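Just so it is clear, the values below take in all heavy atoms, side chains as well, and ignore hydrogens, waters and symmetry mates. A, B, ... follow the sequence lines: proteins, then strands. Residue 1 opens every chain. For clarity, every value in this text was computed on a predicted model and none was experimentally measured.
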Amino acid sequence: MTSTVRKKGIVIQNTKLAKDIYSLWLEAPFIADSARPGQFVSLYCKDGSRLLPRPISICEINKEKGRIRLVFRVVGKGTEEFSYLQEKDTLDLMGPLGNGFNLEGKKALIIGGGIGIPPLLELAKKLNCEKQVVLGFRDDIYMEEEFEAFGKVYISTEDGSKGVKGNVLDAIRYHQLEADIIYACGPKPMLKGIKDYAIEHGIKAQLSLEERMACGVGACLGCVCQSRETDMHTHVKNKRICKDGPVFYAEEVEL
Amino acid sequence: MTSTVRKKGIVIQNTKLAKDIYSLWLEAPFIADSARPGQFVSLYCKDGSRLLPRPISICEINKEKGRIRLVFRVVGKGTEEFSYLQEKDTLDLMGPLGNGFNLEGKKALIIGGGIGIPPLLELAKKLNCEKQVVLGFRDDIYMEEEFEAFGKVYISTEDGSKGVKGNVLDAIRYHQLEADIIYACGPKPMLKGIKDYAIEHGIKAQLSLEERMACGVGACLGCVCQSRETDMHTHVKNKRICKDGPVFYAEEVEL
Amino acid sequence: MNTSVNIAGITFQNPVTTASGTFGSGMEYSDYVDLSRLGAVTTKGVASVPWPGNPTPRIAETHGGMLNAIGLQNPGVEVFIKRDIPFLRQFDTKIIVNIVGRTIEDYCEVVDRLADCDVDMLEINISCPNVKEGGIAFGQDPRLVEEITSKIKVRAKQPVIMKLSPNVADIAEMARAAQAGGADALSLINTLTGMKIDINRRTFALANKTGGLSGPAIKPIAVRMVYQVANAVDLPIIGMGGITTAEDALEFIMAGATMIAVGTANFINPTATIEVLEGIKHFMIQQGVHDIHELIGCIKEK
Amino acid sequence: MNTSVNIAGITFQNPVTTASGTFGSGMEYSDYVDLSRLGAVTTKGVASVPWPGNPTPRIAETHGGMLNAIGLQNPGVEVFIKRDIPFLRQFDTKIIVNIVGRTIEDYCEVVDRLADCDVDMLEINISCPNVKEGGIAFGQDPRLVEEITSKIKVRAKQPVIMKLSPNVADIAEMARAAQAGGADALSLINTLTGMKIDINRRTFALANKTGGLSGPAIKPIAVRMVYQVANAVDLPIIGMGGITTAEDALEFIMAGATMIAVGTANFINPTATIEVLEGIKHFMIQQGVHDIHELIGCIKEK
Ligand SMILES: Cc1cc2nc3c(=O)[nH]c(=O)nc-3n(C[C@H](O)[C@H](O)[C@H](O)COP(=O)(O)OP(=O)(O)OC[C@H]3O[C@@H](n4cnc5c(N)ncnc54)[C@H](O)[C@@H]3O)c2cc1C
Ligand SMILES: Cc1cc2nc3c(=O)[nH]c(=O)nc-3n(C[C@H](O)[C@H](O)[C@H](O)COP(=O)(O)OP(=O)(O)OC[C@H]3O[C@@H](n4cnc5c(N)ncnc54)[C@H](O)[C@@H]3O)c2cc1C
Ligand SMILES: Cc1cc2nc3c(=O)[nH]c(=O)nc-3n(C[C@H](O)[C@H](O)[C@H](O)COP(=O)(O)O)c2cc1C
Ligand SMILES: Cc1cc2nc3c(=O)[nH]c(=O)nc-3n(C[C@H](O)[C@H](O)[C@H](O)COP(=O)(O)O)c2cc1C
Ligand code: FES
Ligand code: FES
């Protein structure tokens with residue numbers, strides 16, 4: 001039997017980082033125990049009209065205290081509910097789910113876009129090599145300092161209010177950053193750009209994908225992405241993001 | 001425009017009176033202002049899977065402080081939700097609804113059965129005549145002292161653990177209580193017994209009825225009871241408990 | 001910003017009306033809502049004579065919805081004409097009268113009686129699941145839908161909306177039948193037949209055993225049917241089924257509804273109609289939509 | 001206390017199974033649930049060859065329910081036989097194989113292929129709303145229901161359950177057709193066709209436009225249909241549609257279901273099946289029910 005059952009976590013702290021962005025520390029030793037960077041959890045809503053669990057990536061893990069940190073953006077009713085959580089409140093969650101990143105390479109480019117940034121923090125912490133961090137924002141900047149502890153941070157903003165004007169690839173090109181491994185999380189167009197960039201430059205890349213989920217454990221086939229080869233489990237050209245991902249090597253998947 | 005719109009009340013106090021019985025004081029001046037004994041409010045659940053408002057009678061009114069008291073029994077998910085309410089929590093409610101009791105008579109019998117007891121407290125307080133109170137319980141006794149402030153209290157219990165063994169009518173007969181007006185609230189079989197008793201003894205009786213409700217304001221025709229005569233509004237032999245009641249004269253309705 | 005819409009020659013100041021049976025004749029909710037702000041008030045189903053309806057319990061709550069088995073209790077068309085029409089005419093809103101019957105003749109009697117009355121449209125309820133005869137029986141057979149529609153159309157002085165039942169395999173077929181019968185507009189959906197069992201008492205929660213399921217729970221079915229009907233016929237559609245917020249209403253409008261009706265949501269929030277209307281306007285401003293017609297059926301085909 | 005039930009000669013240790021497509025082949029949930037405790041595992045629909053399913057998004061949440069348009073992605077019957085049957089046979093539970101196809105021949109091919117396999121029952125899905133051909137098209141026409149049932153029955157070596165679609169006007173008619181075709185049992189309901197619109201992007205929430213509505217929202221419809229079918233035919237019924245708790249399951253059993261399946265609830269709570277089973281037993285103890293058969297259809301007629 002797995003330990004990843006639906007269980008109660010306790011809210012340690014819930015703070016607002018930026019407009020609509022919240023940082024939630026939870027006491028959930030059953031998750032913290034075995035969690036790895038790049039994995040995610042399923043958060044359940046209290047309101048019975050919202051049935052499906054919300055997948056949220058793990059941002060930080062504190063194994064000693066049995067705590068995990070989640071950073072999320074309020075985009076709908078579920079995340080709105082989570083934004084109201086207060087110290088000592090409980091909430092149901094399940095995890096850790098998914099595969100997480102493979103820690104590898106000598107010189108890494110860690111690339112995050114928007115709400116794809118938080119999942120990379122624990123990775124930056126755990127990765128034992130030279131690290132460059134590229135963060136792309138639309139406007140509001142957050143978590144920049146937190147990443148600076150682990151490597152040099154380069155910023156891109158769509159409005160040019162900070163760092164390079166444009167997207168993360170513009171920043172990479174502008175700063176002429178080099179690497180033998182890319183770790184990336186963010187919106188699909190960004191990941192597609194990074195995939196092309198990585199292939200062009202012969203750099204290995206691990207990409208963390210997103211899709212609407214129901215079960216979160218690989219049973220419902222709701223969250224598939226197209227794979228280049230026939231998948232061992234599904235026997236079609238489909239992989240389950242919740243179970244076989246969310247992290248894939250760029251060449252495994254069609255974006 | 002009415003003042004009985006759906007609005008937020010604030011929990012002042014929520015205490016457990018007996019097994020599954022809770023007493024809830026709410027700050028709700030928009031209700032306290034105009035409420036009369038025998039009226040009720042519609043309480044809304046926070047959980048979006050439970051749509052319909054829960055009708056709960058007003059137990060006490062404090063106009064000065066703008067507060068009302070509700071006493072309810074936990075019988076399902078909605079009342080369970082209310083039992084968790086804590087000081088300072090808010091909850092949506094609408095009221096006052098329904099007609100309430102007509103204050104009349106010289107010597108009154110106030111008869112409550114089970115969770116039909118609390119709605120009679122404000123009546124006992126407001127009624128300006130000789131008052132005798134008969135309370136019927138299954139087992140656990142509650143609110144007895146509160147009624148003693150307004151008249152002599154007679155108890156019946158089904159198991160005979162206190163007062164007269166049996167129901168409220170057994171207590172009335174045992175104590176040979178007389179009256180020119182009866183006010184009663186409780187389960188249907190009790191009300192039916194009281195109706196027969198009142199007719200037999202030529203006593204006027206006001207009965208507070210209960211039915212499943214949707215709108216609570218007389219629009220959906222969900223909550224009707226059979227009336228003896230054709231009703232002025234519905235033009236059939238039906239009255240709406242939420243709007244034309246919940247209090248009816250015994251001879252108006254078929255039980 | 002234009003929010004007014006036109007159905008069969010009648011202009012409604014905005015696309016928001018009430019779902020029949022959830023708003024009485026408007027009287028009860030006139031304490032909560034300025035009826036003059038609604039596009040129309042659609043009244044509770046009325047028959048040629050008073051109907052007593054079903055025994056209680058008539059209401060049961062379900063997850064995200066409710067069951068009702070009112071059984072079309074109504075005071076009959078005479079009372080309706082004397083009391084409810086004059087009441088509603090005090091307000092600057094259109095009147096849509098929902099009509100029920102046990103036989104085609106029943107329906108026609110009410111239609112005839114209303115011919116000279118000051119009401120704007122008739123909505124023919126051939127989809128009530130809570131009465132033994134009439135109601136839904138007419139709404140599940142395309143030949144009957146066409147027949148009843150054409151017989152009513154011959155006599156009706158006001159435009160006729162046929163209200164369709166969702167308890168069918170192919171809603172488009174029913175819509176086409178109503179169109180063939182000459183309907184001026186369609187409204188959908190009525191309730192889905194459902195049941196709740198009280199397991200402790202081992203009885204039905206409703207005295208009538210079955211009831212009509214309404215509320216947010218059924219919205220996805222309703223949106224799908226509105227979309228299918230909008231793509232099957234050329235008639236204007238009044239969409240309903242679980243509309244609680246402006247966002248819900250906009251789903252129906254984008255799926256192809258010209259007007260929308262707020263039903264069960266009135267019970268949850270007596271000012272729901274106005275909040276839906278305000279929300280639609282807010283959305284239009286935010287998205288730079290100048291005319292509601294830009295939204296109607298805007299995703300009809302990709 | 002007896003919780004075991006028998007359907008078409010197969011004995012199930014208890015009436016709880018899984019709804020096809022919500023439990024994979026049991027493998028994923030075997031981490032959460034001891035499969036040996038279930039009456040049966042009903043597996044995801046399997047076709048004669050691998051199916052890739054629909055494009056994403058395949059999932060959308062609705063009020064009290066969800067829409068799915070997986071499109072019957074499956075690895076094909078060969079992989080199923082090699083991998084999933086041996087996996088499930090490790091556990092002390094029965095295996096019900098859900099079968100899909102685009103043509104009657106497709107279904108028959110899978111049935112033939114499974115003839116010599118160690119599975120207990122076949123469940124024929126003629127009610128999937130998410131594929132263009134096959135699926136639901138078979139489930140909405142009584143003549144087709146009878147035809148496909150009888151053609152499958154001729155070849156099947158295991159008892160055959162026909163899984164009915166709720167997207168019909170008269171579920172009892174479909175049940176009678178399946179009975180006429182020789183079905184050994186019926187399961188119902190599959191999902192109701194629904195739609196969700198993303199109003200900000202003015203597109204369908206699902207790539208497939210429509211999807212199947214499941215979850216607590218649809219339970220009242222499912223209970224009603226189980227009740228109607230139980231009163232229309234003599235076949236054992238596997239009831240499903242929104243079952244989340246033991247109380248839900250008991251509604252279906254009292255309405256006439258011999259077994260019940262837990263579907264969408266698995267996504268909300270991976271141990272839902274076991275909690276439903278425990279809850280049923282608890283209810284039986286509390287109410288002094290010695291045999292589950294005392295509850296099956298116990299309110300069939302008042
Ligand atoms: C593996 C994975 C990791 C994620 N990690 C994070 C994270 O660390 N921080 C963060 O803010 N967000 C993250 N997301 C996105 C997050 O799951 C959604 O923003 C969230 O589910 C929205 O819920 P809602 O109720 O507020 O929105 P609603 O739109 O009301 O939700 C309705 C339904 O759609 C689903 N949904 C909506 N948006 C998304 C989306 N982008 N991806 C998947 N499902 C969605 C919801 O889960 C729900 O089932 C992640 C998504 C995935 C798949
Ligand atoms: C006019 C009136 C006054 C009432 N006053 C009180 C009071 O002062 N204290 C008190 O404890 N109870 C009172 N009740 C009963 C109270 O409304 C129900 O116990 C409560 O609604 C149960 O809600 P639930 O969610 O816990 O139960 P559930 O069974 O989960 O409720 C499901 C649905 O059934 C309805 N329902 C269930 N039981 C009843 C019932 N007995 N009467 C009407 N609707 C019901 C609920 O409102 C809800 O819509 C009153 C009822 C009426 C009609
Ligand atoms: C209590 C109640 C009474 C209803 N009465 C009628 C009626 O008289 N005539 C009719 O055509 N529809 C009637 N309906 C159906 C509604 O008009 C509407 O079609 C249905 O409830 C779906 O909309 P909703 O989910 O917004 O409520 C009634 C619905 C409810 C809940
Ligand atoms: C994601 C998903 C996939 C499904 N796949 C199948 C399937 O392959 N075959 C089938 O017969 N039913 C399938 N169904 C329908 C379920 O088995 C069940 O009939 C329906 O969901 C109603 O039950 P529920 O509300 O408990 O989920 C699927 C349902 C869901 C939600
Ligand atoms: S969410 Fe069910 S397979 Fe991924
Ligand atoms: S609850 Fe609607 S009329 Fe009384």
Side-chain angles (χ1 to χ4, degrees), chain C residues 60 62-67 129 136 139-141 165-170 174 192-205 209-211 213 215-228 242 244 246-255 283 286-287 295 298-299 302, chain D residues 60 62-67 129 136 139-141 165-170 174 192-205 209-211 213 215-228 242 244 246-255 283 286-287 295 298-299 302:
Chain C
T62 69
H63 196 112
M66 64 173 278
L67 292 168
I136 202 171
Q140 290 180 320
D141 178 339
S165 168
N167 299 289
V168 297
D170 184 357
M174 303 299 154
L192 285 136
T193 312
M195 176 180 285
K196 184 175 174 176
I197 289 172
D198 179 333
I199 59 166
N200 290 307
R201 294 169 47 235
R202 300 190 196 179
T203 59
F204 305 94
K209 293 187 184 177
T210 59
L213 183 64
I218 68 168
K219 196 189 71 177
I221 301 169
V223 172
R224 183 260 297 181
M225 288 189 167
V226 165
Y227 176 81
Q228 287 178 329
T244 310
E247 287 72 33
D248 297 336
L250 287 159
E251 283 196 61
F252 283 84
I253 291 170
M254 291 185 184
F283 180 88
Q286 271 207 319
Q287 303 241 333
L295 297 176
C298 71
I299 57 154
K302 250 198 187 159
Chain D
T62 69
H63 196 112
M66 64 172 278
L67 292 167
I136 202 170
Q140 291 180 319
D141 179 338
S165 169
N167 300 289
V168 297
D170 184 357
M174 302 300 154
L192 285 135
T193 311
M195 178 181 285
K196 184 174 175 177
I197 288 172
D198 180 334
I199 60 166
N200 291 307
R201 294 169 47 235
R202 300 190 195 177
T203 58
F204 304 93
K209 293 187 184 177
T210 59
L213 183 64
I218 68 169
K219 195 188 72 178
I221 302 169
V223 172
R224 182 261 297 180
M225 289 190 166
V226 165
Y227 176 80
Q228 287 178 328
T244 310
E247 287 71 33
D248 297 336
L250 287 159
E251 282 197 61
F252 283 84
I253 291 170
M254 291 184 183
F283 180 88
Q286 272 207 318
Q287 303 243 331
L295 297 176
C298 69
I299 56 153
K302 248 198 186 158

Among G64(D), A217(D), P220(D), G194(D), who wins on heavy-atom pairs under 4.5 Å with chain C?
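Of G64(D), A217(D), P220(D), G194(D), P220(D) has the most heavy-atom pairs under 4.5 Å with chain C.
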
When Q228(D), R224(D), H63(D) are compared by non-hydrogen pairs under 4.5 Å with chain C, the top option
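When all of Q228(D), R224(D), H63(D) are compared, R224(D) has the most.
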
Can you name the side chain to side chain contact (heavy atoms under 4.5 Å, CB included) partners of Q287(C), sequence neighbours left out?
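Side chain to side chain contact (heavy atoms under 4.5 Å, CB included) check on Q287(C) returns F283(C), V289(C), N200(D), R202(D).
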
Least distance between heavy atoms, K219(D) atom then E251(D) atom
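Taking K219(D) first and E251(D) second, the nearest heavy atoms are NZ-OE2, 2.8 Å.
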
Closest non-hydrogen atom pair, K196(D) against A60(D):
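Looking at all heavy atoms of both residues, the closest pair is CD-CB, 4.0 Å.
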
Drop me the distance from M195(D)'s CE to M225(C)'s CE, to the nearest 0.5 angstrom.
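Going from the CE atom of M195(D) to the CE atom of M225(C) covers 11.5 Å.
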
May I ask you to name which of L67(C), V223(C), I218(C), T244(C) has the most heavy-atom pairs under 4.5 Å with chain D?
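The candidate making the most pairs under 4.5 Å is V223(C).
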
Top of I199(C), I221(C), V168(C) for chain D proximity - count of heavy-atom pairs under 4.5 angstrom
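Max contact count across the listed options: I199(C).
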
